[in-house]
Amino acid sequence: MRNNVLIIGGGPAGLEAGANLQRLGYNVLLVEHSNTLGGHLGKWDRLFPGGTPASAALDKLLGSMDGVKCFTDTEIQSINRLGKSYNVILSNGITVLADAVLVATGFDLFQAEKKEEYGYGIYDHVITNADLELYFKTGLDTRINAPRKIGFVHCVGSRDEKSGCRSCSKVCCATAVKQACEMKAAFPDAQIYCFYMDLRMFGRHYEDMYLEAQRDYGIRFIRGRVAEVSENIDGSLSVKAEDTVSSKPLKVSLDLLVLMAGMRPSVSGQRIGSLLGMQNEKDGYFEVLSEITAQQRSSIPGIFLAGAATGPKTIPDTLADARGAATQIDKYLSDIFPKAKDLKQLIKTAW
Amino acid sequence: MVDFGYGLLASSRINLDLFDKGKFDSLAAEEPDVRKCIACGSCTAVCTAGKFTPTSLRAAIEELQNGRDEVAMNMLKGCQLCGKCTMVCPRGINTRHLILSIAKIYSKKK
Amino acid sequence: MPANIFPILAAQASPEVIDRIPSSFSHFVIPFVAGITFFLVWIFVGFIRVITQLSHEERVKFWTSLLNPITAGKNIRDLFCDCLFHTKIWQRKPLLGYMHSAIAFGWFMLIVLGHIEVALFVPKHLSYGEGGLFYPIFYRYFVWIRPGHESLRGAFFFFLMDFFLLYVLTGIGLAMFKRFRSIVLGMRHTTKPSLADRVALYSLWMIFPLRLLAESFTADLSGGSFLTMGMNHLLHFLFGDKLYFQPFWWAYSICLGTFFAAMPFSRYMHILTEVLWILFRNAGLKPSHPRKGVAEAEIYACSSCGLCLDACPMNVQKKNLKYSSVYFIRFLRRHNERKIAEIADKCLMCDKCHALCPVSVDAPALRRAQRQTTNDHLPYDYSYLATVPVKLYEPATPRHLERDAGSNSSKVLYFAGCMSHLTPRIIKAVEDIFKKAGIEYVFADREGGICCGRPLLLAGKKEAAAKTMDANKSMIKASGCKTLVLSCPICYKVFKEEYNLVGIRVVHYTQYFKELIEAGKLNVVKSQERIVYHDPCELGRGCNVYEEPRTVLRQVGNLVKAGHEYDESICCGGSLGSLTLSQNDRRKITDAAIKDLTVASPETIVTACPLCLKTFSERSTVPVKDFAEVLTKCVA
Amino acid sequence: MIYEGKQKIWSEYQKEIPDDHYFYVRSCIRQSFFPASEAAFLDITRKKLGKDIFETEHHTTCGGIAYHSDAIPQETVMTIIARQFALMAKYGYENYVCSCITSFGLYCETLETWREFPELQKKIAETLWKTCRLDFAKPKYIVHASDLIYHYRNQIAALAKHKLINVHTGEPLRVVEHIGCHYSKMFPSKGVGGAEYPYVLAGMVEACGGTVVDYPERRHCCGFGFRQYFIKANRGYSLSNTYKKFESMEPYHPDFIVTNCPGCPYFMDRWQYVIAEETGKTYGEGSHGIPVLTYEEMMGLVLGYDPWDLGLQTHQVGAEPLLDKMGIQYDPERKYLGAKGKDIGRPACPSCIR
């Protein structure tokens with residue numbers, strides 16, 4: 001059989017789906033526009049809730065990629081339907097005839113400087129969650145200088161219609177709690193505050209992590225959104241929020257402010273979407289055929305979706321989604337695709 | 001001094017910089033449960049003294065962490081230690097010992 | 001010490017006592033003299049200290065109690081039963097009781113008989129005045145039989161002495177055995193002895209075997225009976241005619257001296273202090289300070305026997321054994337303030353250790369006194385109590401019946417208490433029974449009331465408790481009711497013991513409902529349901545109400561036995577007594593208590609306390625019901 | 001503080017400001033608070049820069065104060081505004097420049113409302129015709145007078161007689177720039193530099209050699225707040241707001257404050273006196289306060305206007321220490337002389353603040 005499957009995006013979803021499809025006997029080609037595989041996972045240090053090293057998770061994913069052809073630094077130049085399949089021209093000149101396409105274009109991190117009131121890129125000691133992960137990996141960041149008071153701002157660019165995102169980014173709460181604990185471990189004398197709107201500790205063990213953060217790390221959770229950040233004359237940050245639990249405005253001086261930038265539909269993914277003529281929902285993520293029963297199928301026959309391309313997901317969610325996509329593709333290629341005579345039939349009945 | 005008929009108002013704002021970390025840490029050493037509160041308000045809802053006078057353990061914990069020790073102490077001084085709050089606390093906080101510990105640590109002048 | 005300090009006793013032997021040859025001083029008594037002198041000085045100073053630490057009222061109470069014939073009689077009985085025979089241990093654990101009484105009573109008899117022997121066989125002027133001080137202790141060394149003068153009365157005492165020595169030795173043997181296999185004697189947990197304890201313990205162990213050896217070596221010279229004489233023959237058989245007995249008397253004296261020297265620092269101090277404590281106890285004195293006065297006597301009266309370890313509900317986890325009363329008292333003795341405070345706060349105040357203590361050391365009272373030192377002065381402000389309406393209650397009867405004043409005097413006042421408001425089924429059932437029995441009642445705190453004050457007392461806030469009690473007292477008096485019915489044992493205990501409500505009868509609903517049944521006001525139909533009754537700590541051990549609920553429950557269903565009942569019942573774990581015990585630790589206790597209650601596979605667990613009810617309900621797979629709930633179901 | 005970060009934001013908020021031909025409308029309260037400021041604006045733009053700035057005596061209030069005090073409904077204020085715009089069109093202008101920040105905010109708000117609700121615009125056009133017999137029109141460009149001065153800042157700087165530099169030390173003067181709340185907080189895109197880091201006044205200060213002080217409470221309202229000031233019982237709120245700002249800027253030792261709103265300079269100037277009376281505290285050097293200038297006054301000083309012609313004698317906080325720092329010659333005797341040399345009277349000098 002050896003049908004060709006094209007995977008767009010080399011993040012966790014693409015890698016996991018690729019490895020599974022390869023094992024199922026398909027001819028898998030993975031295209032990644034950046035120069036490395038792994039997506040955001042490659043930039044992260046540790047993963048919640050257990051603190052698994054991200055590199056270990058990534059190595060595991062990469063380790064099962066035997067036989068998958070991966071092109072990094074490669075863009076999709078054009079993608080056109082040819083019969084039941086897709087004719088894809090890549091930026092490196094290669095043309096592929098793919099029987100199924102998996103779009104795993106993931107997400108972009110919200111650009112925290114867009115929330116001007118937080119002063120990212122303007123104040124000396126304002127960083128993002130991604131910056132902090134890089135610091136954990138490398139130990140280098142001039143903005144982090146033995147802080148004694150640290151604040152974490154949840155929902156930066158999430159649940160914020162003004163910055164164009166009404167929905168929750170799902171992972172930031174748990175990430176903030178994880179990072180807050182890590183910072184407390186790194187700077188034991190520090191007092192750490194987490195400014196949250198709602199704490200979404202939905203996953204297994206997350207509530208334990210939250211309890212530990214309070215009990216063992218003494219992290220203070222303040223229900224209220226940080227609304228204003230200024231720099232004091234000594235370079236520290238003056239942060240204003242409301243403590244909505246006691247209904248009072250609140251001010252605190254901090255040495256470091258970490259912004260939990262949320263997820264956005266990836267810009268490169270949007271380009272793929274427009275090449276394919278795929279529908280976006282209002283939130284910018286790709287529309288799925290059915291939220292409940294066909295999460296990994298797009299409305300176009302032969303085009304599958306996995307990972308954060310269809311909305312914010314945790315790593316385990318993403319991997320499960322990718323495995324789901326692999327079985328969906330397998331079902332399609334072994335069952336539906338050979339039986340369908342032409343595209344019309346494919347669209348009308350089988351999809 | 002001129003009487004203008006109005007004047008500067010005291011700020012109602014919480015200044016977290018006034019939070020005494022050392023004191024709160026010693027409270028947490030005395031009764032670690034203080035850090036477990038999720039501010040659900042069950043304690044306040046059932047409070048025996050709360051029927052007659054503003055008593056709220058939940059709010060007191062909050063105020064202590066907001067550096068408003070005096071306010072917190074006032075919220076607990078009417079407590080009769082009856083233990084209803086212990087029975088309803090979803091986190092299993094030793095509320096009575098916590099209240100005693102707060103009184104112990106925060107009644108000491110610096 | 002030169003030998004000639006003491007006159008040659010033999011030469012001065014009086015003519016009338018010719019059958020004995022008292023001999024002169026020997027150096028081997030020095031260790032004993034040193035030890036006992038130290039001990040006596042120590043105990044004298046200690047006694048004076050304790051007496052001076054008593055308040056004036058306490059001292060008066062104490063001295064007058066000694067003169068009161070009833071108390072005196074009780075004192076004598078208790079001294080014999082508690083100190084010598086250990087009847088309380090006998091009742092619960094016969095083998096352990098035997099062990100303790102063998103050592104205590106046996107040794108006591110050896111001392112008494114020793115003195116009688118001296119009185120009978122040694123010239124009076126020699127016996128104490130001139131160095132004969134040691135005769136009662138080392139009689140068999142100093143007083144030899146004039147050959148050919150063995151008399152029957154001497155032999156009788158020789159027999160008694162050997163008999164009681166054997167009696168003690170069996171006790172010692174059991175004690176040694178207990179060190180390794182305590183469970184055989186009925187003890188699951190034993191205390192960890194301190195260094196002084198070990199020194200005293202090993203010397204105590206050694207005293208009597210050495211005495212046996214020493215007396216056996218000299219038995220052919222100073223006399224002996226079946227034991228010592230027999231041993232003497234054996235020794236002669238083994239070692240020939242010449243027996244060198246000095247080392248054994250030395251060893252015996254050294255052990256005695258060591259024991260007495262170590263005694264003040266060891267658990268064995270209880271041997272004498274418990275006498276003082278029993279006198280205090282019977283005089284009605286209670287510790288007001290955790291270290292001084294009565295408390296000091298109480299602390300030193302603790303024999304560290306460890307019976308409270310098995311009694312303590314916290315023992316379900318080995319790590320929590322360290323919070324048992326025996327260790328609390330040990331740290332009080334050592335003035336280890338950090339540990340004292342920690343342990344004092346941990347206790348559930350179930351009172352089981354007190355109930356089961358061989359000498360009734362009231363450790364919970366000591367803990368309360370300790371809590372008082374840290375908590376009583378903490379700031380509080382109950383000024384709002386003045387604004388609480390005196391008439392908290394509302395009439396349960398229609399308004400027109402309320403016309404004449406004092407109409408409440410025939411009604412009962414029902415006070416549910418804070419906790420019952422979290423278990424509405426109790427309130428519902430109690431009201432239901434009142435209605436079925438046609439009892440007119442006033443519900444004192446239908447809309448919520450003031451706490452009874454017991455939780456404050458348990459937390460050591462005596463002064464604050466008095467304020468809430470005053471407020472409740474006014475409310476109760478204003479109601480005009482003459483009977484106060486309580487469904488919460490915590491309230492019941494404090495209303496009964498502390499409120500001093502003159503002219504008002506305070507009853508627990510178990511008692512009241514039993515009376516209603518007996519008066520024929522409630523028609524109970526028996527069911528076949530297997531039920532087990534849990535004694536709430538505050539009701540059972542706290543107020544000695546054991547039988548009333550059981551009498552009623554037997555009429556209601558098939559009452560089965562729990563693993564531990566009456567004063568041995570296990571705390572539910574939810575007690576307000578503990579200030580610091582974690583939820584997790586409490587849960588373990590609850591589970592253990594449920595397991596113990598369900599040994600006879602009951603269909604329902606019944607209790608008569610809102611706190612027990614709520615605590616058990618959260619953990620039990622067997623349905624848990626309140627006493628009133630079960631009762632009202634069976635009342636037509 | 002990362003200056004490049006701010007520059008990046010400034011570059012994202014640049015609005016189009018036509019160079020010439022404006023219909024000018026005045027502020028209600030500035031004419032009495034800082035009477036020379038508007039005159040200075042007209043003088044600078046017309047005489048010094050030769051621009052066409054048209055003004056008619058037929059224009060009225062924008063209705064903002066009444067509107068923000070809940071005294072008149074929105075339709076009324078919109079009709080007043082429609083009349084102003086109609087006048088502009090009648091005189092042949094399509095660029096509208098206003099002196100007042102409240103007005104500016106209200107114009108922006110009204111135009112946005114009309115854009116969102118065309119039926120409302122239609123209704124207002126009808127009302128305008130019925131009441132004033134004027135044809136409805138909308139300006140092509142609407143700018144605040146400070147936008148215009150910002151636009152001309154480099155031309156003015158080229159004509160400068162003085163710089164915002166301490167002539168004694170050679171250091172740039174430390175300037176607190178305070179932007180009226182309604183300038184860009186409602187519509188960040190309508191203000192030069194946006195709402196977080198407005199550049200309109202900062203640009204002027206930088207062009208004239210000064211340096212801007214970035215203090216924590218820079219975003220905070222001056223405390224005017226309409227209802228908070230107008231009702232005496234609420235005036236404590238107003239005062240406390242100003243106090244908060246001064247407490248926050250104090251450690252930076254600003255040489256003066258420049259504002260672009262009618263109310264702000266008034267309150268930041270006068271409340272300094274009240275604070276001094278209440279707490280004994282002054283924020284300038286010695287027992288001086290911090291001088292508060294309008295941007296016209298600042299630019300007037302830079303261009304070499306006589307301080308007393310610019311109306312600096314009407315300020316509570318004396319500007320003399322600032323004039324000394326800038327090296328501006330002034331005649332203390334002339335301070336309280338009116339236009340024709342007539343003594344206008346002297347204020348009772350409070351002892352608490354100079």
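Quick note on labels: first sequence line is chain A, next is B, and so on, each numbered from 1. Below, each value reflects all heavy atoms present in this structure, side chains not excepted, and no hydrogens, waters or symmetry copies.
Between B/Arg91 and C/Gln583 the shortest side-chain heavy-atom distance does not fall below 4.5 Å. Side-chain atoms of C/Tyr382 and B/Gln80, non-hydrogen and from C-beta on, do get closer than 4.5 Å to each other. Between C/Pro455 and B/Arg96, the closest side-chain pair of non-hydrogen atoms falls below 4.5 Å. Considering only heavy atoms from C-beta on, B/Met73 comes within 4.5 Å of C/Pro379 through its side chain.
For B/Cys89, no part lies near chain C; criterion is any non-hydrogen pair under 4.5 Å. Residue C/Ser383 does not touch chain B at all, counting heavy-atom pairs closer than 4.5 Å. Contacts of C/Arg454 with chain B are absent, with no heavy-atom separation under 4.5 Å from either backbone or side chain. Neither the backbone nor the side chain of C/Thr615 comes within less than 4.5 Å of any heavy atom of chain B. For C/Thr580, the parts lying near chain B are the backbone and the side chain together; criterion is any non-hydrogen pair under 4.5 Å. Heavy atoms closer than 4.5 Å to chain C are found in both the backbone and the side chain of B/Lys104.
The distance from the NZ atom of B/Lys84 to the CG atom of C/Leu422 is 5.0 Å, given to the nearest 0.5 Å. A distance of 7.5 Å separates CG of C/Asp381 from OG1 of B/Thr53, quoted to the nearest 0.5 Å. The line from CE of B/Met87 to SG of C/Cys418 is 10.5 Å long, rounded to the nearest 0.5 Å. In this structure, OG1 in B/Thr55 is found 5.5 Å from OH in C/Tyr384, a value given to the nearest 0.5 Å.
Comparing C/Gly449, C/Gly417, C/Gly574 by heavy-atom pairs within less than 4.5 Å of chain B, the highest count is held by C/Gly449. The residue among B/Ile93, B/Val88, B/Leu81, B/Thr86 with the most heavy atom pairs within less than 4.5 Å of chain C is B/Leu81. Among C/Leu611, C/Asp345, C/Ile450, the residue with the largest count of heavy-atom pairs under 4.5 Å with chain B is C/Ile450.
Taking non-hydrogen atoms and a 4.5 Å limit, the residue list of residues 363-378 of chain C in contact with chain B, ordered by number, reads C/Thr374, C/Asn375, C/Leu378. Residues from residues 458-466 of chain C that place a non-hydrogen atom less than 4.5 Å from a non-hydrogen atom of chain B comprise C/Ala459, C/Lys461, given in numerical order.
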